Amino acid sequence: MKKGDHLFLVDGSAYIFRAYHALPPLTRKSDGLPVGAVSGFCNMLWKLLRNARDTEVGVTPTHFAVIFDYSSKTFRNELYGEYKANRSAPPEDLVPQFGLIREATRAFDVACIEQEGFEADDIIATYCRLACEAGGDTTIISSDKDLMQLVGPTVGMYDPMKDKEIGVDEVIEKFGVRPDKMIELQALTGDSIDNVPGVPGIGPKTAAQLLEEFGDLDTLLAQAETIKQKKRRENLIEHADNARLSRELVRLRDDVDLELPLDALTLSDLNGPKLIGFLKTMQFTTLTKRVADQTEADASAIDAADVKVEWESAHGPDLDPGEGPSKDDVLAAPTEGMAPQALAEKRAAEIRDIAFDHSKYETVGTLERLRAWIAAARDQGHVAFDTETDSLDPMQAKLCGFSLAVEPGYACYVPLCHREGDGDLLGSDSLCAGQIPERDALSALRELLEDPACLKIGQNIKFDMVVMARCDVEGEPIEIVNFDDTMLISYVIEAGRTAGSQGGHGMDPLADRWLGHKPIPYKDVCGTGKNAVTFDRVTMDKATEYAAEDADITLRLWLAMKPRLTADGVVSVYERLERPLVPVIGKMERAGVSVDRQILSRLSGEFGQQAAGIEAEIYEMAGESFNIGSPKQLGDILFGRMGLPGGSKTKTGQWSTSARVLEDLAAEGHPLPRRIVDWRQLTKLKSTYTDALPGYIHPETKRVHTSYQMAATTTGRLSSSEPNLQNIPIRTSEGRKIRTAFIAEPGNVLISADYSQIELRILAHIADIPQLRQAFAEGIDIHAMTASEMFGVPVEGMPGEVRRRAKAINFGIIYGISAFGLANQLGIERSEAGEYIKRYFERFPGIRDYMDATKAFAREHGYVETLFGRRAYYPDIKSSNHSVRSFNERAAINAPIQGSAADIIRRAMIRMDGVLEKAKLNATMLLQVHDELIFELPESQAEAAIPLIRDVMENAAMPAVDMAVPLQVDAQAASNWDEAH
DNA sequence: GGATACAATTA
DNA sequence: CTAATTGTATCCA
């Protein structure tokens with residue numbers, strides 16, 4: 001470096017925090033990766049490097065470096081252990097941006113500097129000194145007051161956000177002292193964010209005045225007795241040592257042993273293609289264009305770079321609590337942007353105020369108009385999309401039309417195959433006029449749906465995805481690439497908050513809650529009962545009002561709700577546990593499972609015959625015939641006419657005829673109740689499974705396609721319906737037979753892989769219970785271990801009954817145990833159950849601590865969290881009604897355990913396809929049953945697939961959560977589900 | 001036909 | 001004692 005050269009030093013870490021807080025949240029279009037701070041950083045670097053002459057800095061750099069903090073552990077912590085101890089962990093959507101900003105620096109071909117044991121400020125100070133000695137000038141890109149001590153004749157500062165230079169005069173204007181006195185000024189004022197003590201009661205104004213009066217800090221402290229103000233005098237005397245310590249903490253070191261010499265910072269020519277590759281990866285279209293223009297590169301010829309994003313690495317540079325925003329940064333933010341919470345509220349309120357006007361919706365009848373709408377959508381970068389079909393089952397549904405919304409109030413409906421005429425008389429109905437030929441409309445639509453640069457917003461978009469995938473007009477299924485789902489956003493921000501009467505995450509309740517709007521009821525459009533018609537028979541005017549409104553509402557909901565993800569710190573739950581799962585589950589639903597009709601029909605016959613036999617026996621014993629399926633009639637017979645002793649009663653005052661009660665009666669020697677239980681079991685198996693399942697076999701695929709609900713439970717579990725394949729019998733030998741009807745295609749096998757004791761393992765991890773952790777680490781029988789701890793019985797030769805009780809207690813713990821419930825489960829007295837619980841807590845005090853802590857957390861915050869940050873709300877946990885409150889407490893204790901297990905298997909499912917594909921295995925994931933995954937694949941590949949599947953599942957928590965307990969997965973292959981499990 | 005009660009099935 | 005769905009009976013409009 002020589003005279004006339006100019007060094008730019010960017011305070012990278014400070015900039016990251018400042019940009020994060022000052023700029024509105026921005027996420028990458030294709031995958032929701034948070035990139036707001038990265039974008040701000042890139043724009044700033046570009047400006048500094050290319051337009052330097054135009055800015056007020058007025059100079060062009062010859063040397064350039066971006067400097068980051070490496071870790072919060074520096075020599076200052078040895079001086080003062082509490083230094084920066086107040087700082088909290090950075091927000092979750094900032095974490096992935098730390099690494100990206102370093103990548104950005106490299107893409108700009110600028111030195112990227114961080115050094116262990118030193119703060120960025122010390123490195124900056126050292127380069128400043130070296131540049132000064134070489135006769136060059138320096139500009140520090142920062143507005144941090146900690147750096148102002150370096151300002152002098154050859155060193156200036158520049159605030160890139162306010163586009164403002166800070167020189168000697170500006171420092172004096174702001175703080176009332178010359179830059180070389182900044183150290184002493186800060187020594188007096190201290191800094192609550194960095195936890196620099198200072199002297200109490202002294203702020204910047206007083207400090208400047210004192211330094212002016214006494215000249216320097218040592219003189220001031222030596223002559224402190226002469227100060228008139230009593231409090232100030234006492235504080236200065238009492239905290240003199242703190243002031244001296246603070247001076248050492250704020251003084252920057254300019255003697256860092258640099259890894260990179262000053263001359264290595266010489267600015268090289270910009271590598272346009274490299275930078276463009278990075279910017280394309282980030283999808284910063286405006287800046288990409290600008291860089292391409294300036295460097296005369298052809299952006300379209302450059303591929304997006306392969307940038308690694310580590311959302312989850314919990315350790316490493318920038319990530320320990322040492323790096324919260326400094327006070328200056330936080331104060332600077334509100335003038336330039338808004339806090340995420342305020343922004344979310346403002347946005348929601350603005351959207352709510354926009355009125356609905358159904359008359360403005362357009363019916364699109366020509367390809368030109370459709371193209372115009374699609375162009376508007378692409379121009380905007382996002383569009384709400386909704387399909388209209390003739391069925392709620394996406395595997396049956398035929399597409400009738402679709403709607404788009406580009407801005408609130410601007411929406412259209414594109415009818416595709418609306419018909420008119422009398423459908424009952426063959427051939428008398430015909431396609432309505434004014435519709436685009438379906439093929440043309442769909443190929444235009446494909447362009448939009450498959451364009452990764454345009455975000456498609458749906459309400460339960462999995463439905464639309466399955467419908468569109470089945471619309472393979474050109475032989476290729478239509479994909480929806482790059483999407484958001486308002487149902488899932490709602491689920492992530494308010495699971496549990498809106499349960500019950502308020503009505504969950506469907507469009508109608510969401511529109512009511514967020515927009516104060518009641519959508520046109522479906523009944524008003526299609527009628528009800530036997531007058532109901534399918535959507536393709538609705539007149540196009542009515543269809544447009546209804547369908548376009550749906551897209552309009554979806555768009556508004558997205559605008560109103562999306563910012564809440566950032567405000568609540570749950571972006572990663574949505575992006576890592578919900579959104580990527582949508583196509584995975586869509587694929588499973590489309591795959592379906594093969595069910596053997598013959599086996600079911602044979603079983604149905606068997607069950608029917610047995611039930612009929614038992615029915616006759618029952619009438620014989622009862623002395624009359626009655627409706628066994630009616631609990632009311634049954635109760636009258638048993639407890640009225642036959643005079644048996646009743647057990648418990650139901651909440652309506654009826655005698656209970658539950659299996660529990662009937663089994664107790666059977667144990668007392670009455671033969672009839674036993675037969676009732678048998679009859680009920682058989683009729684249940686027949687009606688719910690063997691009779692109903694064949695009706696779900698799809699006419700074309702010949703397979704059964706369940707529907708998974710992603711937003712149905714409070715805890716994060718999926719649910720399955722139509723048919724529910726998550727409650728196929730397994731407990732009894734009769735029931736198990738039903739599983740033999742779930743088969744692989746000829747030449748294929750089914751693999752069932754299930755987690756062993758996942759919830760107890762999660763409990764052992766969360767509550768950190770040494771005995772449980774050890775037992776799982778050693779792979780020993782967990783229920784026997786519990787029994788042994790509690791009852792002092794050795795595991796060897798333990799009676800089955802003892803282990804059974806311990807097992808019930810272990811389950812009870814996961815369910816937020818109560819003496820009442822445990823007594824019920826084990827059929828013992830409540831007092832005895834209470835004794836068990838007491839003894840359990842004595843042996844495992846950590847469990848009680850976990851339960852108390854969880855309840856306290858839920859009461860304070862109104863929600864609990866899983867290991868992965870998913871929230872479950874329990875608004876009634878403060879209820880004055882004891883049973884309501886207790887119920888909520890138990891649910892709140894259970895939710896982090898059940899929910900963490902649900903999160904883990906979701907993670908496994910999301911990763912699974914990629915791993916199997918990479919290993920060239922043609923395995924299809926078919927079903928999920930909470931802790932189990934079912935696959936179908938060629939028999940020859942089963943041996944190779946099993947270890948792979950186990951590996952993905954066992955390591956699914958990593959790297960986000962490093963479990964203290966290993967996860968264990970058992971997997972087997974067989975030709976049917978019964979043998980595979 | 002729609003809502004509710006009760007009993008069954010699963011993890 | 002946690003989380004779900006389904007089928008039948010029953011009551012009500």
Side-chain angles (χ1 to χ4, degrees), chain A residues 495-496 499 523 528-532 626-635 649-662 676-689 691-693 696 706-709 712-732 734-736 738-739 754-760 763 808-826 830 833 836-837 851 872 874 883 886-899 901-902 905 927-932 981:
Chain A
K523 284 187 302 213
T528 175
K530 61 178 194 245
N531 296 323
F626 62 100
N627 188 343
I628 310 173
S630 161
K632 191 166 172 291
Q633 292 185 36
L634 178 63
K649 289 199 169 172
T650 68
K651 64 176 175 205
T652 50
Q654 292 270 321
W655 284 113
S656 165
T657 63
S658 67
R660 159 108 259 151
V661 169
L662 297 180
I676 307 274
V677 172
D678 294 341
W679 181 88
R680 278 188 182 158
Q681 195 205 93
L682 286 165
T683 51
K684 172 72 175 178
L685 295 179
K686 183 170 185 292
S687 68
T688 307
Y689 303 105
D691 287 353
L693 279 174
Y696 288 102
T706 183
S707 163
Y708 286 105
Q709 281 67 48
T713 72
T714 308
T715 55
R717 274 190 178 179
L718 303 179
S719 79
S720 154
S721 64
E722 289 180 301
N724 181 357
L725 295 186
Q726 290 183 322
N727 70 347
I728 301 302
I730 190 167
R731 252 179 45 252
T732 65
E734 291 293 284
R736 270 188 103 105
I738 292 164
R739 292 201 169 212
D754 68 299
Y755 285 104
S756 158
Q757 307 283 10
I758 186 167
E759 294 192 350
L760 269 181
L763 176 69
I809 294 167
N810 276 334
F811 274 98
I813 293 294
I814 291 169
Y815 299 155
I817 205 155
S818 75
F820 182 86
L822 184 62
N824 240 353
Q825 179 67 31
L826 286 175
R830 219 161 71 182
Y836 284 1
I837 295 169
M851 290 183 163
Y874 292 97
S883 76
S886 297
F887 178 76
N888 277 272
E889 287 174 352
R890 290 192 298 271
I893 287 167
N894 175 254
I897 303 170
Q898 188 185 115
I905 198 165
L927 303 174
Q928 189 251 42
V929 193
H930 309 308
D931 66 356
E932 176 188 13
H981 189 84

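Reckoned from all heavy atoms, side chains included, excluding hydrogens, waters and symmetry mates. A quick note: this is a predicted structure, and the numbers were derived from the prediction, not measured. Per chain, numbering begins at 1; letters A, B, ... match sequence-line order.
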Presence of [X] side-chain N/O under 4.0 Å of [N] phosphate oxygens OP1/OP2:
X: A:S719; N: C:dT5; result: yes
X: A:T650; N: B:dC6; result: yes
X: A:S630; N: B:dC6; result: no
X: A:T683; N: C:dG7; result: no

Minimum-distance nucleotide to [X] side chain [options: [options]]:
X: A:K651; options: B:dA11, B:dA7, B:dA5; value: B:dA5
X: A:Q825; options: C:dA3, B:dG2, C:dC1; value: C:dC1
X: A:T528; options: B:dA7, B:dG2, C:dC1; value: B:dG2
X: A:H930; options: C:dC1, B:dA11, C:dT2; value: B:dA11
X: A:K632; options: C:dC1, C:dT2, C:dC11; value: C:dC11

Name the nucleic acid region contacted by [X], choosing base, sugar-phosphate or nothing; use a 4.0 angstrom heavy-atom cut-off, strictly under.
X: A:E759; result: nothing
X: A:S818; result: base
X: A:Y689; result: sugar-phosphate
X: A:I730; result: sugar-phosphate
X: A:G812; result: base
X: A:E722; result: sugar-phosphate
X: A:A712; result: sugar-phosphate
X: A:I813; result: nothing
X: A:N627; result: sugar-phosphate
X: A:A823; result: nothing
X: A:R717; result: base
X: A:F887; result: sugar-phosphate
X: A:Q681; result: sugar-phosphate

Any chance you could measure A:L718, atom CG, to A:Q726, atom CD, to the nearest 0.5 Å?
6.5 Å
Centroid under 5.5 Å and tilt under 30°, A:Y815 to C:dT2:
yes
Nearest-Å distance, CZ (A:R731) to C1' (B:dA7)?
13 Å
Mind calculating the distance between CG (A:L822) and C1' (C:dT2) to the nearest angstrom?
14 Å
So, under a plain 3.5 Å distance rule, would you say the side chain of A:Q898 forms a donor-acceptor pair with the base of C:dT2?
yes
Should the side chain of A:N724 and the base of C:dT5 be counted as holding a donor-acceptor pair, with the cut-off at 3.5 Å?
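Result: no qualifying N/O pair found.
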Derivation and outcome, side-chain hydrogen bond (donor to acceptor under 3.5 Å, both in side chains), residues A:Q898 and A:T715
CA-CA 7 Å; A:Q898 188 185 115; A:T715 55; 2.8 Å; yes
Applying side-chain contact (heavy atoms from CB on, under 4.5 Å), can you list everything that pairs with A:P631, at least two apart in sequence or on another chain?
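Checked A:P631 against side-chain contact (heavy atoms from CB on, under 4.5 Å); matches are A:T657.
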Any donor and acceptor pair, going by atom type alone, linking the side chain of A:S721 with main-chain N or O of A:P723 inside 3.5 Å?
no
